[in-house]
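Just so you know, ligand 1 is whichever comes first in the structure, and atom 1 is the first atom listed for that ligand.
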Amino acid sequence: MVKQWLTSLLLLLITSTALAAPPAQNTAGYAPGDPQVCLGCHGATGMKPAAGILTTPHGQKGHPDSPMNKQGCQSCHGPSAQHLSKYVNGKPAKPTVTFNGDATPVDVQNKTCLGCHENSARSHWDGSQHQFADVSCTNCHQVHTSPDPVLFKETQKEVCFNCHKDKRAQIHKTSAHPLVDNLMTCSSCHNPHGSPSEAMLGKGSVNETCFQCHAEKRGPFLWEHPPVQENCSNCHQPHGSVHTPMLT
Ligand code: HEC
Ligand code: HEC
Ligand code: HEC
Ligand code: HEC
Ligand code: HEC
Ligand code: HEC
Ligand code: HEC
Ligand code: HEC
């Protein structure tokens, strides 16, 4: 019995020394053995379960830029060796980057995501109203569970209504775009990651946004109406109105 215990202790020591020596791809500050070591405590059940991420695009190894081909969990949570070796007030020291509180400043959280996602769709994130208002990527995105509700027109609106409560009432007005029926959604007109146009519209201007679907209003017409050329929202409230057809 004692011999058996000694053997397992020895094994444990050997494994932990092996773990303490970081594999080649790990640089200083990273806990080794990620993700298996992390999942040892944060598995499918138990304390702060995190295994759900393995069923999402971020958990797949198929994509060359997947976190699982980089630093594993620490691609997002940052180099976190201290989380496994230090205690603060009886709890493990926090990982370097956490997203569900204000321990990590919002711009640091966002830079972590942008490290892999700063491409065309988000090229106007810096300077956007959301960036300016300290909205974080994870105020809209859920990465540990799949599917991510904000990516689907059936569920996206509810995410926006968390903060834009007035819009819920507007889309229920008598004359409105078919948002309630899920035939379109907020991102049919907006790029919530920012854009060079007013109100983070997906197209360069209000009119260009409308012409995507109302091409017949583009003209040229024999008798142009200057307020129409200027801005459709001079007369229309795009989120809904009590005056048919969506007049202000
Ligand atoms: C030995 C068990 C153990 C291992 C291994 C472990 N953790 Fe943790 N982790 C904990 C505990 C305990 C907490 C809760 C601490 C608290 O309540 O403040 C925690 C909390 C966290 C949190 C939430 C922190 C917060 O305040 O929001 C994250 C993120 C996290 N761990 C990531 C990781 C990552 C990444 C790894 C692998 C590098 C890892 N953990 C490995 C025990 C572990
Ligand atoms: C793509 C970035 C990303 C990767 C990769 C990632 N996480 Fe997270 N993690 C987050 C975000 C964002 C949150 C905040 C909550 C949420 O969005 O679900 C979070 C939250 C957590 C929490 C806190 C959960 C709670 O209940 O408070 C733990 C623990 C955690 N992650 C551990 C892990 C472990 C372990 C891995 C690797 C198996 C991992 N994370 C991989 C981004 C990531
Ligand atoms: C190490 C690189 C890396 C990091 C860091 C990272 N991602 Fe990703 N992300 C990816 C890859 C790779 C994909 C899959 C892309 C594909 O399949 O085309 C992806 C996909 C996504 C998707 C689309 C998911 C879907 O269901 O289609 C969203 C949304 C996303 N990431 C948000 C985030 C957020 C928010 C963070 C920060 C918490 C983050 N990512 C951090 C690499 C990363
Ligand atoms: C205000 C809500 C919101 C915020 C904040 C937000 N997103 Fe998104 N994100 C969306 C929506 C909505 C979509 C779906 C867009 C579409 O269908 O055109 C999306 C799509 C994505 C996608 C997948 C499709 C693509 O464009 O490649 C990625 C990756 C992504 N977001 C990353 C991020 C990152 C990184 C941040 C933080 C810098 C962030 N998002 C902040 C709402 C948001
Ligand atoms: C048919 C296109 C369209 C759709 C769909 C749409 N918007 Fe808009 N939104 C606009 C336009 C155009 C503006 C510019 C404001 C103006 O000139 O009246 C705007 C402005 C805004 C503004 C800033 C000004 C204001 O009215 O408060 C917010 C916030 C907003 N939209 C949120 C949303 C949300 C949330 C959704 C989904 C429920 C949504 N929008 C759906 C076209 C649209
Ligand atoms: C975490 C809260 C939060 C969430 C979630 C959120 N927003 Fe915002 N949004 C803000 C804040 C704060 C501002 C800047 C202040 C303002 O104008 O209300 C803003 C501004 C905007 C604006 C520009 C307003 C202007 O005055 O030009 C638009 C458009 C917008 N949001 C659309 C969306 C859409 C679409 C979604 C869902 C995909 C969404 N938001 C989700 C908080 C949020
Ligand atoms: C993604 C496509 C799309 C975009 C972009 C779009 N619309 Fe629409 N619009 C629709 C659809 C679909 C309907 C409903 C048509 C129907 O019921 O026959 C509609 C209906 C309308 C109506 C008639 C409403 C009624 O009660 O009869 C007006 C007015 C209108 N849109 C104005 C606008 C304006 C202004 C913009 C730009 C801010 C815009 N639309 C952008 C798809 C769009
Ligand atoms: C000067 C005010 C004004 C401006 C600006 C305006 N509209 Fe209208 N729009 C109206 C009025 C009034 C009606 C109702 C006409 C009717 O009932 O015959 C209408 C009706 C509509 C309708 C529904 C009926 C139809 O003809 O299909 C759509 C769609 C529409 N407008 C789109 C647009 C778009 C897109 C723009 C910007 C290019 C725009 N409107 C700019 C006043 C305006």
Side chain or backbone of Cys186 under 4.0 Å from ligand 5, or both, or neither, by non-hydrogen atoms? both
Looking only at non-hydrogen atoms, the one of Pro49, Ser75, Cys41, Cys76 nearest atom 43 (C) of ligand 2 is Cys76
Decide whether the shortest distance between a heavy atom of Gly40 and an atom of ligand 1 is less than 4.0 Å. no
Touching ligand 1 at all, Pro95? Heavy atoms, strictly under 4.0 Å? yes
Relative to the heavy atoms of Asn100, which atoms of ligand 1 are at a distance of less than 4.0 Å? 27 (O)
Taking only heavy atoms of Val37, which atoms of ligand 1 are found under 4.0 Å from at least one of them? 5 (C)
Mind running side chain to side chain contact (heavy atoms under 4.5 Å, CB included) on Leu179 and Met184 for me, showing each step along the way? CA-CA 5 Å; Leu179 285 137; Met184 60 199 286; 4.2 Å; yes
So does His190 have any N/O/S atom less than 2.8 Å away from atom 8 (Fe) of ligand 5? yes
Mind telling me whether His214 and His177 have parallel, tilted or perpendicular rings, with 30° and 60° as the class edges? tilted
Which residue and non-hydrogen atom of the protein lie closest to atom 6 (C) of ligand 2, and at what distance in Å? Ile53 CD1, 3.4 Å
Hey, is there an N, O or S on Cys38 sitting under 2.8 Å from atom 8 (Fe) of ligand 1? no
Using a strict 4.0 Å cut-off to heavy atoms of Phe99, name the atoms of ligand 2 that fall inside it. 10 (C), 11 (C), 12 (C), 13 (C), 14 (C), 42 (C)
Any side-chain donor near an acceptor of the partner, Asn231 and Ser233, under 3.5 Å: yes
Distance (rounded to the nearest 0.5 Å) between Ile171 CD1 and Asp166 CG: 11.0 Å
Is any N, O or S atom of His239 under 2.8 Å away from atom 8 (Fe) of ligand 5? yes
Mutual orientation of the aromatic rings belonging to His130 and His164 [parallel < 30°, tilted 30-60°, perpendicular > 60°]: tilted
From atom 3 (C) of ligand 5, is the closest protein heavy-atom distance below 4.0 Å? yes
Gap separating the CD atom of Gln36 from the CG atom of Asp34, nearest 0.5 angstrom: 8.0 Å
Give the numbers and elements of all ligand 2 atoms closer than 4.0 Å to a heavy atom of His58. 1 (C)
Which of the ligand 5 atoms, numbered from 1, are nearer than 4.0 Å to a heavy atom of Pro238: 10 (C), 11 (C), 12 (C), 42 (C)
Provide the number and element of each atom of ligand 5 under 4.0 Å from a heavy atom of Cys160. 35 (C)
Answer yes or no for Leu201: is there a heavy-atom contact with ligand 5 below 4.0 Å? yes
Any N or O on Gln142 sitting closer than 3.5 Å to an N or O of ligand 2? no
Show me which atoms of ligand 1 lie under 4.0 Å from any heavy atom of Leu84. 4 (C), 5 (C), 6 (C), 41 (C)
Working for side chain to side chain contact (heavy atoms under 4.5 Å, CB included), residues Cys113 and Phe99: CA-CA 11 Å; Cys113 309; Phe99 299 89; 4.3 Å; yes
Any N or O of His83 closer than 3.5 Å to N or O of ligand 1: yes
Test applied, side-chain contact (heavy atoms from CB on, under 4.5 Å); reference residue, Ser187; option that passes from Gln156, Lys157, His193: Gln156
Side chain to side chain contact (heavy atoms under 4.5 Å, CB included) evaluation trace for His243 with Thr248: CA-CA 7 Å; His243 311 294; Thr248 49; over 6 Å; no
Protein contact of atom 18 (O) of ligand 1 - nearest heavy atom, named by residue and atom, plus distance: Lys91 CD, 3.3 Å
Under the criterion side chain to side chain donor-acceptor pair (under 3.5 Å), I'd like the reasoning laid out for Gln142 against His144: C-alpha separation, chi angles, the key distance, then a yes or no. CA-CA 6 Å; Gln142 284 180 23; His144 264 277; over 6 Å; no
Purely on distance, is any nitrogen or oxygen of Lys48 under 3.5 Å from one on ligand 1? no
What do you reckon, does Asp34 have a nitrogen or oxygen under 3.5 Å from a nitrogen or oxygen of ligand 2? no
Students should be able to answer this: which protein heavy-atom is nearest to atom 1 (C) of ligand 5, and at what distance? Cys189 SG, 2.8 Å
Taking side chain as C-beta onward, heavy atoms only, is Lys61 less than 4.5 Å from Ser66? no
Pairwise distance NZ(Lys165) to SG(Cys163) - rounded to 0.5 angstrom: 6.5 Å
The atoms of ligand 5 lying under 4.0 Å from a heavy atom of Ala199, numbered in the order shown, are 14 (C), 20 (C)
In terms of its nearest heavy atom to atom 17 (O) of ligand 2, the top option of Val143, Leu54, Thr56, Asn139 is Val143
Measure from atom 14 (C) of ligand 2 to the protein's non-hydrogen atoms and state whether any distance is below 4.0 Å. yes
I need the atoms of ligand 2 closer than 4.0 Å to a non-hydrogen atom of Thr138, numbered in the order shown. 12 (C)
Please list the nearest protein heavy atom to atom 24 (C) of ligand 1 with its residue and the distance rounded to 0.1 Å. Thr98 CG2, 3.7 Å
Please report the interatomic distance CE(Met200) to CD(Gln131), rounded to the nearest 0.5 Å. 11.0 Å
Contact check, Asn231 vs ligand 5, heavy-atom distance below 4.0 Å: no
Which atom, counting only N, O or S, brings His77 closest to atom 8 (Fe) of ligand 2? NE2
Which atoms of ligand 5 are found less than 4.0 Å from any heavy atom of Ser233? 16 (C), 17 (O), 18 (O)
Contact atoms of ligand 1, heavy-atom distance to Lys94 under 4.0 Å: 25 (C), 26 (O)
Checking heavy-atom distances from atom 11 (C) of ligand 1 to each of Gln82, Gln36, Gln71, Met47, the winner is Met47
Checking the N or O distance criterion of under 3.5 Å, is ligand 2 in contact with His144? yes
Which one holds for Leu39 and ligand 2: side chain close, backbone close, both close, or neither close, with close meaning a heavy atom under 4.0 Å? side chain
Per-atom contacts, ligand 5 versus Thr185 - under 4.0 Å to a heavy atom: 5 (C)
Write the atom name of the N, O or S atom in His42 that is nearest atom 8 (Fe) of ligand 1. NE2
Please identify which atoms of ligand 2 are closer than 4.0 Å to at least one heavy atom of Ala50. 30 (C), 32 (C), 33 (C), 34 (C), 35 (C)
Which residue and heavy atom of the protein sit nearest atom 27 (O) of ligand 5, plus the separation: Lys167 NZ, 2.9 Å
Taking only heavy atoms of Phe161, which atoms of ligand 5 are found under 4.0 Å from at least one of them? 38 (C)
Atom 22 (C) of ligand 2 protein-contacted, heavy-atom criterion under 4.0 angstrom: no
Short list, please: which atoms of ligand 1 are under 4.0 Å from a heavy atom of Cys73? 35 (C)
Suppose I only count heavy atoms of His164 and a 4.0 Å limit; which atoms of ligand 5 are within that range? 29 (C)
